[in-house]
Number of protein chains: 2
Amino acid sequence: MQSAERRTTLADVAAEAGVSVALVSIVMRGAPGAGAATRERVLEVARRLGYQPDSRARLLRSGRSRLLGVVFDVRHPFHHDLLTGLYDAAGKAGYQLTLSAVTPLRGERTAVGDLLQDRCEALVLFGGQLRASELASIAARLPVVAMMRAARRRDVDVVHNDDALGSHQAVDHLVGLGHRRIAHVDGGEWHGSAERRAGYQEAMRRHGLAEHIRVVSGGAGEEDGARAAERLLGDPPTAVTVFNDLSATGLLDVLRRNGLGVPGDISVVGYDDTGLSRLAHIDLTTIGQDIDTMAAGAIERAVARIEGTPAGPREMVVPPRLVVRGTTGAPRPAAGARPPRQR
Amino acid sequence: MQSAERRTTLADVAAEAGVSVALVSIVMRGAPGAGAATRERVLEVARRLGYQPDSRARLLRSGRSRLLGVVFDVRHPFHHDLLTGLYDAAGKAGYQLTLSAVTPLRGERTAVGDLLQDRCEALVLFGGQLRASELASIAARLPVVAMMRAARRRDVDVVHNDDALGSHQAVDHLVGLGHRRIAHVDGGEWHGSAERRAGYQEAMRRHGLAEHIRVVSGGAGEEDGARAAERLLGDPPTAVTVFNDLSATGLLDVLRRNGLGVPGDISVVGYDDTGLSRLAHIDLTTIGQDIDTMAAGAIERAVARIEGTPAGPREMVVPPRLVVRGTTGAPRPAAGARPPRQR
DNA sequence: GTGAAAGCGCTAACAC
DNA sequence: GTGTTAGCGCTTTCAC
């Protein structure tokens with residue numbers, strides 16, 4: 001039963017190798033200041049004894065943890081993609097990641113609290129609903145980088161994709177195909193919804209299609225898209241841009257059940273390029289966020305703050321890109337329709 | 001710039017409150033042995049100073065970390081559902097979770113290594129490809145609970161759903177609807193695939209349908225299901241049970257594109273009850289794993305090992321349950337078809 | 001009820 | 001090159 005015996009420590013290795021603990025410490029860290037022979041012998045003993053350095057003691061003593069705390073939500077598929085990028089970027093910057101999940105039963109405050117006790121040197125927050133005042137009290141303690149959420153604060157760095165630009169890309173794509181009557185299903189109260197909606201409206205105006213602007217309230221869920229679709233059925237447009245992929249999926253479902261062909265009768269564009277949109281079954285044209293750039297940016301901001309580098313702009317906006325799949329096509333030439341005007 | 005100033009420590013609070021550090025420690029831990037008035041005053045000072053205990057120092061000193069390490073894969077949706085259950089169960093048992101993710105760029109060995117350095121008292125492994133010998137060397141160090149994977153070792157606890165039973169439930173459901181020609185698309189090398197396949201075969205035999213047994217090789221991805229569907233098209237059965245939901249989705253797509261109605265011409269049953277299967281668009285009949293029971297079981301096993309309790313069986317098998325949705329129905333009465341035989 | 005003191009396992013000065 | 005020493009922030013005896 002392993003719980004009875006103590007774990008191997010530096011001192012054990014030192015004793016076994018017949019050297020001082022300081023020397024073993026030097027060897028284990030790969031720091032300069034040890035003879036090649038000694039180094040080898042210590043390493044051999046450590047391996048034989050199954051020695052594992054105690055990160056807690058190590059970090060406690062050295063004052064720094066080189067730990068970056070990340071708060072993510074288990075329910076959000078996009079967060080998982082982002083984690084991959086963050087691990088990679090953090091590793092390259094010489095930092096370790098420590099994860100704290102938000103679940104249906106575990107709030108953001110709890111998640112952040114655990115991370116604070118772990119003495120992270122900075123926090124990366126994915127989305128989330130923390131109020132500005134709460135963000136403030138956290139940011140007063142350590143650098144905070146917020147991803148995919150707004151934060152009108154000088155002490156919080158923000159990294160997110162350019163939602164307005166994404167909407168522009170969606171509308172441009174549809175107009176390029178010949179669409180004019182393009183509606184938008186928004187994301188309600190969700191972060192980014194206002195920006196994506198405004199982007200849609202501006203793009204429509206830019207194309208001289210102000211009269212065709214039509215915003216239907218939606219949300220982030222599949223059911224929101226389904227509800228919005230029902231409202232569109234009375235007078236369907238030839239194309240719709242939707243707040244996110246999941247909502248677009250619900251919308252697609254209702255449209256098809258009501259006999260509307262996609263993209264024959266109506267084209268649909270989602271947002272996020274989640275795995276969902278890639279499924280052959282769904283094959284959704286969408287707007288993809290540049291995960292690697294965003295992850296690298298977040299780490300770069302966090303490290304800059306930690307190391308006190310004056311740093312550049314506190315807000316990083318990453319351009320998204322259009323991913324064309326099977327839910328968009330030219331509009332069916334309606335009776336009396338004018339030929340599409342080129343932008 | 002907050003990185004300049006030292007964090008608040010126990011000593012700071014003690015000085016400010018005019019008491020000893022030992023007393024503050026007692027108060028902060030809620031341990032008995034402090035006057036009510038003192039307790040209140042210390043708490044007030046701690047709050048005012050924004051004191052956060054340092055978990056590293058705390059755990060270093062107390063010898064125990066009360067930390068459970070979890071290795072999960074960011075790509076697996078099912079893992080995220082499981083995390084929710086684990087956080088809950090761990091909290092109830094008085095343990096904290098520390099997460100280590102496997103990503104496309106970060107292997108299982110790295111993930112486990114980080115956890116070992118964090119001095120977790122036990123490890124919970126989700127799935128994974130570690131070889132038996134590697135598992136052995138980890139299990140020699142600390143208790144290991146493997147979820148959703150096999151581990152023929154006395155020193156590793158295993159918690160998983162009853163894959164064979166799940167297949168039985170799927171087949172029983174289909175036979176009950178009147179199906180006889182039921183095929184199975186397996187999961188290739190994935191954990192659980194062999195069990196689900198064997199369960200299917202046995203259930204078919206139990207129903208006297210041995211002659212209709214038909215196994216098509218597949219995998220865990222959507223493309224695997226799509227490939228399998230193409231192979232089935234030549235002589236389509238009236239129903240298919242598939243290794244998992246994602247593969248079933250790919251299969252559904254190919255079937256429908258080839259003019260086969262679901263469930264009109266062919267019924268489909270998935271496995272896992274992932275969010276995917278719940279989408280209205282997909283609405284897949286599937287086999288659901290009991291996440292809460294599995295999570296609670298894993299924590300219970302880990303804690304029992306940590307605390308040296310003699311403990312019960314080292315393997316926990318949780319029964320799954322059938323979730324009926326829209327992809328299963330009675331078979332279309334074929335010309336000359338015999339009436340379905342009741343089981 | 002409260003305080004003093006001894007470490008947990010490790011790193012970082014500083015001597016030798 | 002190598003050893004000695006002094007803590008990091010906390011918990012835990014053990015006195016008072």
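Bear in mind that the values here come from a model prediction, so they are computed numbers and not experimental data. So you know, we letter chains A, B, ... as the sequences are listed, proteins then strands, and number each from 1.
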Give the rounded distance in Å between these two atoms: CZ of B:Arg66 and C1' of D:dC10.
17 Å

Can you confirm whether more than 12 heavy atoms, excluding those of B:Glu40, are under 6.0 Å from its CD atom?
no

Pair B:Asp157 + B:Arg314, salt bridge at N-O below 4.0 Å
no

Integer-rounded Å distance: D:dT11 P and A:Arg56 CZ:
13 Å

Pair A:Arg106 + A:Asp114, salt bridge at N-O below 4.0 Å
yes

Enumerate the residues from residues 25-49 of chain A whose closest heavy atom to DNA chain D is under 4.0 Å, giving them by residue number; use none for an empty result.
A:Gly33, A:Ala34, A:Gly35, A:Thr38

Residues B:Arg64 and B:Glu121 bridged, charged N to O under 4.0 Å
yes

Take the protein atom CZ of B:Arg64 and the nucleotide atom P of D:dC10, then report the distance between them rounded to whole Å.
20 Å

Distance, rounded to the nearest Å, where B:Leu59 contributes CG and D:dC10 contributes P:
11 Å

Rounded (10°) bend between the five-pair end axes of the helix from C:dG1-D:dC16 to C:dC16-D:dG1:
40°

Between the protein and nucleotides 4-8 of chain D, list every N/O to N/O distance that falls short of 3.5 Å.
unit_1	atom_1	unit_2	atom_2	d
D:dA6	N3	A:Arg61	NH1	3.4
D:dG7	N2	A:Arg61	NE	3.3
D:dG7	N2	A:Arg61	NH1	3.0
D:dG7	N3	A:Arg61	NH1	2.8
D:dC8	O2	A:Arg61	N	3.2

Whole angstrom value for the distance that separates C1' of C:dC8 from CD of B:Glu121
14 Å

Verify the distance criterion only: is there a donor paired with an acceptor across the side chains of B:Ser25 and B:Arg29 at less than 3.5 Å?
yes

Measure CG/A:Asp54 against C1'/D:dC10 and give the value in whole Å, please.
14 Å

B:Gln117 has an atom CD; how far is it from atom P of C:dC10, in whole Å?
10 Å

